[in-house]
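For reference, the structure is listed below as structure tokens.
Model, not experiment: these values are computed from the prediction.
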Amino acid sequence: MMDENKQVNYTSQQLGEPIEVKQAMTSDSPAQINSNESGSEVTEQVAAQTNVPGDTATLNQQNGVAATEKIEVETADLTGLAQQIEALKAQLEERSTQYMRIAADFENYRKRTSKEKEDLEALVKRNTITELLPVVDNFERARSHLKPQSDGEMTIHKSYQGVYKQLVDSLKRLGVSPMRPEGQEFDPNLHEAVMREPTDEHPEGTVLEELVRGYFLGDRVLRHAMVKVAAPKENTPPTEENQSSPANS
């Protein structure tokens, strides 16, 4: 064995290799090298086996923390979405309330303007017809007072009476109708009493005569009728003889 080492050293010196390398090569046998390698592998395996439970626990802990953080983030997101939904619901309800209020205001405005328009049309119509009623009165007075004697007068009479009839027909188409108060009970909402006539032939308050004709426009009074109303007949005052006779008796 020593001769082999010497031979190796001699050969090494000839080749120019360092002495330490030679010693290392000569000192380490294959058995020793294998034993060292086996020992290191066993140590690494033991260390790896020893470190596995700790790494697993750490990994599980990290996974649990990550899962918790993820749940918290998702919960926060859901809370934010729920708040946004509630805000949108409140906004929608507010807009719906505003829409209903505006719609109600517009409907009231439409009804009010329509009513004002109808009232204005009725007022204009009423005023126009009222201005024409004196013309009708004059035609009626002329018909009652004028008595045509000749053919020419009769022709003129028929002419203006034709105009009167045309005017009356036009008023009827507009909804004008005359009152017929004779014989009815006096109604202050329809009649205007301008005369009172004592009589025992009719009950008190009965309309005896229509002096100026009244008219309706639809179901409303266009002009009140001026009438003469029945009044109770006054008793004849007693004479002086009738007054003294009880005293003498």
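Under the 4.0 Å criterion applied to side-chain N and carboxylate O atoms, R143 and E140 are not assigned as salt-bridge partners. Under the 4.0 Å criterion applied to side-chain N and carboxylate O atoms, K115 and E118 are not assigned as salt-bridge partners. Salt-bridge formation is not detected for the pair R101/D105: no Lys NZ or Arg NE/NH1/NH2 atom is positioned less than 4.0 Å from an Asp or Glu carboxylate oxygen. Under a 4.0 Å N-O distance rule, the pair R223/D137 qualifies as a salt bridge.
Looking only at side-chain heavy atoms (C-beta outward), E93 and K89 stay at 4.5 Å or farther from each other. With a 4.5 Å cut-off on side-chain heavy atoms, L171 and V136 count as touching. Contact of the R213 side chain with the R180 side chain is registered, since non-hydrogen atoms from C-beta on lie closer than 4.5 Å. At a threshold of 4.5 Å between non-hydrogen side-chain atoms, the residues V227 and E192 do not count as touching. Taking 4.5 Å as the limit, every side-chain heavy atom of P181 sits out of range of all side-chain heavy atoms of H224. Between I129 and L174, some side-chain heavy-atom pair lies under the 4.5 Å cut-off. Contact annotation: the side chain of F186 never approaches that of T206 to less than 4.5 Å [non-hydrogen atoms, C-beta and beyond]. Counting only heavy atoms from C-beta outward, the side chains of E197 and V229 never approach each other to under 4.5 Å.
One hydrophobic cluster, built from ILVMFWY side chains closer than 4.5 Å, holds both Y164 and Y160. Side-chain heavy atoms closer than 4.5 Å link hydrophobic residues (I, L, V, M, F, W, Y) into clusters, and following such links, even through other members, never connects L132 to M226. By the criterion of side-chain heavy atoms lying less than 4.5 angstrom apart, applied directly or through intervening Ile, Leu, Val, Met, Phe, Trp or Tyr residues, L217 is not grouped with V221; the two fall into different hydrophobic clusters. Residues M195 and V207 fall into different hydrophobic clusters, defined by Ile, Leu, Val, Met, Phe, Trp and Tyr side chains chained together at heavy-atom separations under 4.5 Å.
Heavy atoms of other residues, nucleotides or ligands lying less than 6.0 angstrom from CD of Q98 number more than 12. Atom CZ of R95 sits in a crowded spot, with more than 12 heavy atoms from other residues, nucleotides or ligands closer than 6.0 Å. In the displayed structure, E201 atom CD is contacted under 6.0 Å by at most 12 heavy atoms of other residues, nucleotides or ligands. Annotation for E153: atom CD counts as buried by contact number, over 12 foreign heavy atoms lying within 6.0 Å. Around the CD atom of Q166, the shell of radius 6.0 Å holds no more than 12 heavy atoms that belong to other residues, nucleotides or ligands. The number of heavy-atom neighbours closer than 6.0 Å to CG of D77, taken from other residues, nucleotides and ligands shown, is above 12.
In this pair, F106 and Y109 present their aromatic rings tilted. The plane angle is within the 30 to 60° band.
Here the CE atom belonging to M179 is positioned 4.0 Å from the CZ atom belonging to F216, to the nearest 0.5 angstrom. For the atom pair OG of S159 and CE of M154, the computed distance is 11.5 Å after rounding to the nearest 0.5 Å. Separation of atoms CG (L222) and NZ (K125) is listed at 10.0 Å; rounding is to 0.5 Å. Taking CG of L88 as the reference point, atom CD of Q83 lies at 12.0 Å (rounded to 0.5 Å). Put simply, OG on S150 and CD1 on I156 are 7.5 Å apart, with the number rounded to the nearest 0.5 Å. Taken to the nearest 0.5 Å, the NE2 atom of H191 stands 15.0 Å off from the NZ atom of K228.
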Item to check | Candidate pair D119 and E116, rule side chain to side chain contact (heavy atoms under 4.5 Å, CB included), full reasoning | outcome: CA-CA 5 Å; D119 292 342; E116 290 176 354; 5.6 Å; no

Next on the checklist: Show, in sequence, the C-alpha distance, side-chain angles and deciding distance for K111 and E107, and conclude whether the side chain to side chain contact (heavy atoms under 4.5 Å, CB included) test is met.
Outcome noted: CA-CA 6 Å; K111 291 180 179 179; E107 183 64 19; 3.3 Å; yes

Checklist entry - Between V194 and L211, does a side chain to side chain contact (heavy atoms under 4.5 Å, CB included) hold up when you go through it step by step? => result CA-CA 9 Å; V194 294; L211 304 177; 3.3 Å; yes

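Of all heavy-atom pairs between P232 and P198, the closest is O-CB, 3.7 Å.
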